[in-house]
Amino acid sequence: MRTLLALVFCVSAMANLHAQLCQGSLGDPVVKVTFGAGVNPGPALQANSTRYQYVATDCPNDGFYTIRSKTNDCFGDTWNFLDNDHTGDANGYFMLVNASIEPSDFYVTTVKGLCPGTTYEFAAWVTNMLRSYACGGAGIKPNITFTIESPRGDILGKYETGDIEPAKTGSGAGVWKQYGLYFTTPTGTPDVVVRMRNNAPGGCGNDLALDDITFRPCGPKLEASIVNLPADTADACFGQDNAYTLSINMSAGFNSPVYQWQTSTDGGVTWNDIANAQSLVYNKPQTPAVGQYLYRMSAAENGNMGNGACRINSGIVAVNVNPLPQINVSKQYSLCTNDTLILAASGGATYNWLGPNSFSSADSVITVLNPPASYSGNYYVQAVSGKDCSSYDTIAVTVFQAAVATAGNDVSICEGSSTQLTGGGGLTYSWSPATGLSSPAIYNPVASPSDSTLYILTVTDANNCVVKDSVAVNVLKKPRANAGTDKIILEGETVKLDGSAAGTNVVYAWRPPYNLDNESSLQPLASPLHDTTYTLTVTSLAGCGIATDDVFVRVLEKLQVPNAFSPNGDGINDTWNIQKLITYPEADIYVFNRFGQVVYHSRGYSKPWDGTFKGALLPFGTYYYMIDLKNGLPKLSGWLQILR
């Protein structure tokens with residue numbers, strides 16, 4: 001009767017399935033054939049597992065198989081490629097089969113240690129390796145019969161896949177599909193034989209990959225729930241109530257079921273029975289530590305609970321005990337009214353602040369510029385995590401009224417002078433920059449800057465508040481005069497004086513003012529009648545003194561050079577008499593004949609030329625002269641005639 005009920009449960013679930021897979025609840029895998037893992041190629045199967053021959057290379061021929069973790073580019077790229085096994089493990093092996101010409105068994109194995117009189121789901125993952133366009137689009141499709149037999153050959157279950165269609169992904173990647181059936185082991189028989197037969201002939205096509213053969217107990221549907229919660233997961237906060245009632249809704253299928261609640265704290269990798277939790281309802285007690293706690297119901301027929309191969313398991317319900325957010329804030333906070341108040345908390349998803357004077361905020365970081373002293377007091381923050389868990393903390397804030405720093409009024413001094421600064425408002429003082437100060441660490445240093453300087457006074461008061469003020473010391477530059485370089489002109493000429501002046505707020509004038517076009521101009525035009533010294537006077541209107549400088553203008557007498565004389569001894573115009581040339585003692589005088597020969601040269605002109613050359617009178621005619629006065633003025637030149 002027990003076997004009949006199990007079969008009725010399983011058969012009732014078959015109507016809508018492409019494969020006879022369990023529609024109730026499954027137990028943990030009792031047997032799992034994964035073919036192992038590693039680098040290509042994998043090892044051959046045991047000799048009694050297949051009638052096909054093993055090859056260590058990729059792309060086996062008809063009647064051969066290999067064990068691979070990946071395969072590609074087989075038979076002119078007419079096979080799909082696989083980069084991993086069906087679980088996605090790049091190192092996981094699968095069995096790659098090229099069917100024999102004649103239909104035959106390609107995989108046979110004996111499974112031992114099952115629970116007698118128990119329904120099991122057998123399942124395997126298969127993919128058609130042939131691409132849809134191969135063999136002219138008419139490739140042979142794998143067609144597999146799965147048979148579960150008793151050791152003496154009785155058929156306990158059978159399932160035929162029919163033609164397994166090729167993948168139509170377009171990418172060339174193989175697509176895994178699970179096939180299987182369920183069966184019931186006979187009473188007293190814990191072992192079964194698994195047989196996989198390829199019903200299609202070999203040739204162009206009929207190529208497949210096989211992976212992950214599993215046996216799992218199958219039984220009534222077990223639905224676990226958390227009482228009074230709509231979901232299968234409960235979230236609680238550490239230190240809060242997380243005791244819940246768990247219950248099971250179980251469909252018909254066992255004659256005399258027994259129950260055992262289990263828990264896992266490693267994500268479902270391992271499960272442990274809970275002592276004294278063998279009813280459909282379990283009152284989960286308070287959990288003392290943060291973490292995820294998984295629960296499920298394990299059930300079996302009476303007498304089979306001690307054998308894990310007989311148990312089925314419900315779905316999983318989870319109780320998450322979430323940590324409280326860790327608030328990171330300063331416990332004591334003192335500042336001054338001229339500072340910036342910064343309140344910061346971290347560790348939560350949202351925040352709620354309350355403080356003095358009806359202060360409130362939902363920001364994680366709060367910035368207040370120049371807070372008044374009334375902002376002193378306790379600030380309370382609530383940090384709320386994404387799981388709605390809350391933590392609280394308090395920041396005690398003291399805002400001191402800062403002193404008022406005074407650095408005095410701005411002042412102006414003459415260059416080279418000094419002034420005394422006077423600061424106030426604190427206990428300690430610091431002036432910056434220290435340049436030109438007698439001491440930067442006293443409230444009243446003497447300042448003697450060489451240039452205008454803005455001094456910053458930093459004052460620290462009794463509450464250690466730091467305040468600042470500034471004072472400007474303007475340095476008025478002393479007057480400076482430069483009358484320029486000395487000048488040389490000929491009488492009757494005009495020259496521009498090259499004066500310049502410097503200093504703060506100055507005026508200037510030339511003395512004497514005679515023969516100047518503008519005595520108040522730095523560069524007046526001068527026309528002196530004789531040698532003159534001019535003085536440029538620069539006066540500071542700010543009272544910073546007077547500066548003077550001189551320039552000498554030399555006025556040279558203009559020469560009158562005659563262009564003829566008659567050295568005939570009559571006492572009239574017998575010499576070349578150049579008036580005023582005697583005043584140029586450094587002058588060079590040259591006379592040339594028409595051939596360019598020097599017929600006369602003199603340094604200075606203390607004695608006029610008498611028209612002779614080497615003691616002999618020169619013939620009458622036209623001659624040429626050049627006079628260099630050696631005073632920077634242009635050379636004089638022209639012609640003269642000797643007459644008889």
Side-chain angles (χ1 to χ4, degrees), residues 18-22 26 28-46 48-60 64-74 79-99 105-111 120-131 141-148 159-167 169 171-182 192-200 205-216:
H18 69 273
Q20 299 174 0
L21 298 176
C22 181
L26 291 167
D28 294 331
V30 178
V31 175
K32 189 171 185 179
V33 179
T34 66
F35 299 105
V39 297
N40 279 329
L45 303 178
Q46 293 182 359
N48 59 355
S49 295
T50 181
R51 297 179 181 178
Y52 284 30
Q53 296 185 51
Y54 170 79
V55 293
T57 58
D58 200 3
C59 312
F64 290 83
Y65 80 96
T66 186
I67 303 297
R68 309 290 294 178
S69 59
K70 62 180 61 179
T71 180
N72 54 44
D73 297 331
C74 284
W79 279 20
N80 291 317
F81 67 84
L82 293 172
D83 287 336
N84 40 253
D85 70 1
H86 112 267
T87 66
D89 183 358
N91 294 317
Y93 288 140
F94 51 85
M95 182 181 182
L96 186 61
V97 178
N98 192 330
D105 297 339
F106 67 89
Y107 185 81
V108 179
T109 189
T110 298
V111 176
Y120 285 91
E121 177 197 82
F122 158 80
W125 292 84
V126 179
T127 180
N128 183 346
M129 292 299 297
L130 195 69
R131 296 197 179 187
K141 302 169 184 175
N143 187 310
I144 302 173
T145 296
F146 298 103
T147 304
I148 307 298
Y159 177 75
E160 296 183 353
T161 65
D163 288 346
I164 299 176
E165 297 293 331
T169 62
S171 66
V175 178
W176 293 95
K177 189 174 182 180
Q178 190 180 42
Y179 298 89
L181 58 95
Y182 43 82
V192 297
V193 176
V194 179
R195 189 180 304 278
M196 300 183 193
R197 178 180 177 83
N198 196 331
N199 301 313
N206 201 3
D207 312 302
L208 60 92
L210 173 69
D211 197 15
D212 288 333
I213 303 168
T214 58
F215 284 79
R216 301 176 70 181

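Atom set for the values below is all heavy atoms of this structure, side chains included, hydrogens, waters and symmetry mates excluded. Count residues from 1 along the sequence.
Under the side chain to side chain contact (heavy atoms under 4.5 Å, CB included) criterion, Thr127 pairs with Leu82, Met129, Trp176, Ala209, not counting sequence neighbours. In this structure, Arg216 has no salt bridge (Lys or Arg N to Asp or Glu O under 4.0 Å) partners at least two apart in sequence or on a different chain. Contacts of Ala99 classified as side chain to side chain contact (heavy atoms under 4.5 Å, CB included), with partners at least two apart in sequence or in another chain: Tyr52, Asn198, Asn206. With sequence neighbours left out, the ring-ring contact (aromatic ring centres under 6.0 Å, His included) criterion links Tyr65 to Tyr54. Listed by chain and residue number, nothing satisfies the ring-ring contact (aromatic ring centres under 6.0 Å, His included) test with Phe81 (two or more places apart in sequence, or in another chain). Scored by the side chain to side chain donor-acceptor pair (under 3.5 Å) test, Glu165 finds Lys141 as partners (sequence neighbours excluded). Remark: Thr87 pairs with Asp85 by the side chain to side chain donor-acceptor pair (under 3.5 Å) rule, at least two apart or across chains. Among residues two or more places apart in sequence or in another chain, the salt bridge (Lys or Arg N to Asp or Glu O under 4.0 Å) test is passed with Asp89 by none. Checked against side chain to side chain contact (heavy atoms under 4.5 Å, CB included), Cys74 has the following partners two or more places apart in sequence or in another chain: Asp58, Cys59, Thr71, Trp79. Every side chain to side chain donor-acceptor pair (under 3.5 Å) that Asn199 has, sequence neighbours left out, goes to Asn143, Thr145. Residues passing the side chain to side chain contact (heavy atoms under 4.5 Å, CB included) test with Val108, sequence neighbours excluded: Asp105, Val193, Arg195. For Lys70, the salt bridge (Lys or Arg N to Asp or Glu O under 4.0 Å) test picks out no residue, with sequence neighbours left out.
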- Item | Test side-chain contact (heavy atoms from CB on, under 4.5 Å) applied to Val192 and Phe215, step by step | CA-CA 11 Å; Val192 297; Phe215 284 79; 4.2 Å; yes
- Stepwise, does the side-chain contact (heavy atoms from CB on, under 4.5 Å) test hold for Leu45 with Phe35? CA-CA 8 Å; Leu45 303 178; Phe35 299 105; 3.8 Å; yes
- How far apart are the C-alpha atoms of Val33 and Val194, what are their side-chain angles, what is the distance that settles it, and do they pass the side-chain contact (heavy atoms from CB on, under 4.5 Å) test? CA-CA 12 Å; Val33 179; Val194 179; over 6 Å; no
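Scanning all heavy atoms of the two residues, the minimum distance from Pro41 to Arg68 falls at CB-NH1, 3.7 Å. Summarising the geometry of Arg131 relative to Pro166, their closest heavy-atom pair is C-CB, 4.4 Å, with the distance given to 0.1 Å. What you find for Phe146 and Tyr179 is that their closest heavy atoms are CE1-CB, 3.6 Å. Of all heavy-atom pairs between Asn80 and Ala173, the closest is CB-C, 4.1 Å. Between Phe106 and Val97, the shortest heavy-atom distance links the atoms CD1-CG2, 4.2 Å. The shortest heavy-atom contact between Gly92 and Ala37 is CA-CB, 4.0 Å.
Rounded to the nearest 0.5 angstrom, Phe94 CZ and Thr34 OG1 are separated by 13.0 Å. One finds the NZ atom of Lys177 at 8.0 Å from the CD1 atom of Ile164 (value rounded to the nearest 0.5 Å). Interatomic distance, CD of Glu121 versus CD of Gln178, reported as 6.0 Å (0.5 Å rounding). In this structure, OG1 on Thr57 lies 9.5 Å from CZ on Phe64, to the nearest 0.5 angstrom. With values rounded to the nearest 0.5 angstrom, Asn98 atom CG is found 9.5 Å from Leu130 atom CG.
Between Asn128 and Leu208 there is no side-chain heavy-atom pair separated by less than 4.5 Å.
Using cut-offs of 30° and 60° on the angle between ring planes, the pair His86 and Trp125 is parallel.
The side chain to side chain contact (heavy atoms under 4.5 Å, CB included) with Ser69 is formed by just one residue from the set Asn84, Asn40, Asp83; it is Asn40.
Side-chain N or O atoms of Thr161 include one that pairs as donor or acceptor with a backbone N or O of Ile144 at under 3.5 Å. Formation of a donor-acceptor pair under 3.5 Å by the Tyr93 side chain with backbone atoms of Val39 is found in this model.
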